[in-house]
Number of protein chains: 2
Amino acid sequence: MTDDDRVFKALADPTRRFLLDLLFARDGRTLTELESELDMTRFGVMKHLRVLEEAGLVVPRKSGREKLHFLNPVPIRLIHDRWIDKYTERHVSALVTLKADLEKEP
Amino acid sequence: MTDDDRVFKALADPTRRFLLDLLFARDGRTLTELESELDMTRFGVMKHLRVLEEAGLVVPRKSGREKLHFLNPVPIRLIHDRWIDKYTERHVSALVTLKADLEKEP
DNA sequence: TGGACATGTGACCTTTTGGTCACCTATCCT
DNA sequence: AGGATAGGTGACCAAAAGGTCACATGTCCA
């Protein structure tokens with residue numbers, strides 16, 4: 001599996017996107033804290049975090065008995081630049097055509 | 001399942017992203033033509049195309065006994081604007097800090 | 001008309017995914 | 001020391017995903 005594929009697959013699950021949103025709002029949370037935001041046992045959350053780690057989207061750091069989780073947005077940026085971006089380009093010529101058409105209206 | 005979720009899930013499979021790339025290069029292809037580009041039976045390709053259609057990424061049009069497939073990039077643009085974009089913003093202040101640090105070097 | 005071609009459906013199979021649980025280890029704190 | 005707290009592992013299970021096949025329908029064209 002390629003790096004890009006790991007990232008796309010990681011983003012495919014709504015729970016994992018929600019975890020990223022939580023970390024986007026505030027970084028460095030523990031597993032237990034993240035679990036408290038979800039309707040799921042700690043074990044389910046652990047599995048999701050592992051998928052996110054393997055995609056490079058979450059970077060953990062041990063601190064005593066706690067494991068802090070940090071967001072790394074770089075992989076998202078990479079798939080954006082390498083794949084998504086080409087589909088999000090505005091087709092200006094079509095808009096110009098539409099504008100011209102609209103201007104024909106009385 | 002939400003619309004966004006359908007799009008993310010549709011993009012999670014490399015075969016489906018490849019199909020979108022094919023249609024990006026040239027629109028309006030038939031199932032048989034798409035199948036010929038993949039190492040998979042027609043039935044597998046049909047299933048992938050269905051997932052893409054349900055996500056709104058591919059729009060079919062019947063023409064005689066053929067079914068032509070057209071790319072619709074709008075859903076990609078939507079998830080980009082609604083979700084991906086916030087993760088791809090450049091953190092300029094961090095870059096400025098880095099630049100200042102580097103300039104301290106002899 | 002009838003054969004070749006393009007596509008569709010449903011059954012079926014295997015692998016992956018999402019989730020839980022029992023049990024275990026390590027750390028903190030009184 | 002020892003209980004409470006934070007996290008980790010492996011087995012297990014149900015559901016979904018990815019893929020194939022036999023068979024069926026509709027369309028083209030010589």
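Both backbone and side-chain heavy atoms feed into the values below; hydrogens, waters and symmetry mates do not. Just so we're on the same page: letters track the sequence lines, and every chain starts at 1. Source: prediction; values computed, not measured.
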Donor-acceptor pairs under 3.5 Å, side chain of residues 13-23 of chain B to any protein atom, not counting sequence neighbours: which ones?
from	atom 1	to	atom 2	distance (Å)
B/Asp13	OD1	B/Thr15	N	2.8
B/Asp13	OD1	B/Thr15	OG1	3.4
B/Asp13	OD1	B/Arg16	N	3.3
B/Arg16	NE	B/Ala10	O	2.8
B/Arg16	NH1	B/His48	ND1	3.1
B/Arg16	NH2	B/Lys9	O	3.1
B/Arg17	NH1	A/Asp5	OD1	3.4
B/Arg17	NH1	B/Leu11	O	2.7
B/Arg17	NH2	A/Asp5	OD1	3.0
B/Asp21	OD1	A/Trp83	NE1	3.4
B/Asp21	OD1	A/Lys86	NZ	3.1
B/Asp21	OD1	A/Tyr87	OH	2.7
B/Asp21	OD2	A/Trp83	NE1	3.4

* **For B/Ser36, all residues meeting side chain to side chain contact (heavy atoms under 4.5 Å, CB included), sequence neighbours excluded** => none

* To do: Tell me who clusters with B/Phe43, hydrophobic residues only, linked when side chains sit under 4.5 Å apart either directly or through other members.
  => none

* Asked: Any side-chain heavy-atom pair from B/Arg26 and B/Glu33 closer than 4.5 angstrom?
  -> yes

* **Heavy-atom side-chain proximity of A/Thr88 to A/Asp85 below 4.5 angstrom** => yes

* Asked: Which residues, if any, of residues 34-41 of chain A bring a heavy atom under 4.0 Å of DNA chain D?
  -> none

* Which of residues 12-21 of chain A have a heavy atom under 4.0 Å from DNA chain D? -> none

So if you build clusters from Ile, Leu, Val, Met, Phe, Trp, Tyr with side-chain heavy-atom gaps below 4.5 Å, do [X] and [Y] land together?
X       : Y       : value
A/Leu31 : A/Met40 : yes
B/Phe70 : B/Val45 : no
A/Met46 : A/Leu34 : yes
B/Leu49 : B/Leu38 : yes

* Gap between atoms CG and P, on B/Leu31 and C/dC5 respectively (whole Å) -> 15 Å

* Separation of C/dG8 C1' from B/His48 NE2 (nearest whole Å) -> 17 Å

* Please report the C-alpha distance between A/Arg29 and A/Glu35 in whole Å, then the side-chain angles of each, then the deciding distance to 0.1 Å, and finally whether the salt bridge (charged side-chain N to carboxylate O under 4.0 Å, His left out) criterion is met. => CA-CA 10 Å; A/Arg29 307 204 200 199; A/Glu35 174 205 350; over 6 Å; no

* With sequence neighbours left out, write down each residue that passes side-chain hydrogen bond (donor to acceptor under 3.5 Å, both in side chains) with B/His69, or none if nothing qualifies. => none

Check: residues 51-63 of chain A side-chain donor-acceptor pairs under 3.5 Å, at least two apart:
from	atom 1	to	atom 2	distance (Å)
A/Glu53	OE2	A/Lys67	NZ	3.1
A/Glu54	OE2	A/Arg50	NH1	3.1

N/O-N/O pairs, protein side and nucleotides 10-14 of chain C side, under 3.5 Å:
none

* Would you name the heavy atoms of A/Met1 and A/Arg6 that are closest together and state the gap between them? => O-NH2, 3.0 Å

* Any residue meeting salt bridge (charged side-chain N to carboxylate O under 4.0 Å, His left out) with B/Arg42, in chain and number order, not counting sequence neighbours -> none

* To do: Output all residues satisfying salt bridge (charged side-chain N to carboxylate O under 4.0 Å, His left out) with A/Arg65, sequence neighbours left out; order by chain, then residue number.
  => none

* What is the 5' to 3' range of DNA chain D, first to last nucleotide, that sits under 4.0 Å from any heavy atom of chain B? -> D/dG18 to D/dC28

* To do: Report the residue (B/Met1 or B/Gly44) whose heavy-atom-nearest nucleotide on DNA chain D is the more 5′ of the two.
  => B/Met1

* Asked: Where each residue is assigned the nucleotide of DNA chain C containing its nearest heavy atom, which of B/Lys9 and B/Arg50 is assigned the position nearer the 5′ end?
  -> B/Arg50

* Asked: Among C/dC23, C/dG8, C/dG18, which nucleotide sits nearest the side chain of B/Arg42?
  -> C/dG8

Do any N or O atoms of the protein come closer than 3.5 Å to N or O atoms of nucleotides 25-30 of chain C, and which pairs are they?
from	atom 1	to	atom 2	distance (Å)
C/dT27	O2	A/Arg65	NH1	3.0

